Amino acid sequence: MGKPRKKDLPDLGHLRVPGAEIAVRATPKAARNAIVQAEGVLKISVTTAPENGKATEAIRSLLAMAMGTAASNLELRRGAASRDKIFVYTGPG
């Protein structure tokens, strides 16, 4: 299965606020990559297995693509080994 296209992802540009915390519920080893907005939490599914932080990096990349920013602008604040993660946007406003 190929990479998700930008048009297949929701527009999360409104989250590009410096210092904004983004709550994520991760689902690794999913059938396809997807982002669903639900009750203040983003449910992000990735096809990557949760080993050695690979799923977290895939989530960071997918979230950055939906936000229209570089993955380096997203810092993992909490949840490196958990399904519930908090990312912080550190890029420009």
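Note that the structure is a prediction, hence the values are computed from the model and not measured. Quick note: residue numbers are just sequence positions, from 1.
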Return the [atom1] to [atom2] distance between [X] and [Y], rounded to the nearest 0.5 Å.
| X | Y | atom1 | atom2 | value |
| --- | --- | --- | --- | --- |
| M67 | H14 | CE | NE2 | 8.5 Å |
| L74 | I59 | CG | CD1 | 12.0 Å |
| L76 | I22 | CG | CD1 | 11.5 Å |
| L42 | L12 | CG | CG | 5.5 Å |

Taking all non-hydrogen atoms of both residues into account, name the closest pair between [X] and [Y] and its distance.
| X | Y | answer |
| --- | --- | --- |
| V41 | V24 | CG1-C, 4.1 Å |
| K29 | A49 | CG-CA, 3.6 Å |
| S45 | L62 | O-CD2, 3.9 Å |

Which pairs would a plain distance check flag for residues 86-93, meaning a side-chain donor or acceptor within less than 3.5 Å of a matching protein atom at least two apart in sequence or in another chain?
| from | atom 1 | to | atom 2 | distance (Å) |
| --- | --- | --- | --- | --- |
| Y89 | OH | P92 | O | 2.8 |
| T90 | OG1 | N73 | O | 3.0 |

Show the atom names and distances, to 0.1 Å, of all donor-acceptor pairs under 3.5 Å that link a side chain in residues 50-57 to residues at least two apart or in another chain.
| from | atom 1 | to | atom 2 | distance (Å) |
| --- | --- | --- | --- | --- |
| T56 | OG1 | K85 | NZ | 3.2 |
| E57 | OE1 | R60 | NE | 3.3 |
| E57 | OE2 | R60 | NE | 3.4 |
| E57 | OE2 | R60 | NH2 | 3.0 |

ask   = Sub-3.5 Å donor-acceptor pair from the side chain of R83 to the main-chain atoms of R25, do we have one?
value = no
query = Who pairs with R77 by salt bridge (Lys or Arg N to Asp or Glu O under 4.0 Å), at least two apart in sequence or on another chain?
reply = E21, E75
